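Structure first, commentary second.
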Amino acid sequence: MLGWALTFLVVALIAAVLGFTSIAGAAMGVAKVLFFVFLVLFAVSIVMHLVRGRSPL
């Protein structure tokens, strides 16, 4: 998912350089959404790790 966010970020940067503002805005919007989804999933995985704790050896 992070790969998709980076892909859309690169597309947005290229579009911004070329002056296609509507394409850049759409790509940046998608990149922002994917970034926040990734961030939420990361936070959930950390919480689940803390809740489950370590397994006994």
Side-chain angles (χ1 to χ4, degrees):
M1 193 169 307
L2 182 59
W4 279 105
L6 291 175
T7 301
F8 281 113
L9 177 64
V10 169
V11 169
L13 290 174
I14 291 171
V17 168
L18 296 176
F20 301 134
T21 56
S22 61
I23 295 173
M28 283 177 34
V30 172
K32 237 192 248 190
V33 168
L34 289 176
F35 174 74
F36 285 117
V37 167
F38 172 75
L39 200 60
V40 167
L41 290 175
F42 179 68
V44 167
S45 69
I46 288 177
V47 168
M48 291 303 292
H49 177 73
L50 292 174
V51 168
R52 286 175 45 187
R54 288 183 174 220
S55 61
L57 295 175

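In this text the structure is predicted, and so the values were computed from the model without any measurement.
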Could you pull out every donor-acceptor pair under 3.5 Å between side chains of residues 26-35 and any protein atom, sequence neighbours left out?
none

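The same ILVMFWY cluster, assembled from side-chain heavy atoms under 4.5 Å apart, contains both V40 and M48. Note on V44 and F36: separate hydrophobic clusters, where clusters join Ile, Leu, Val, Met, Phe, Trp and Tyr whose side-chain heavy atoms are under 4.5 Å apart, directly or indirectly.
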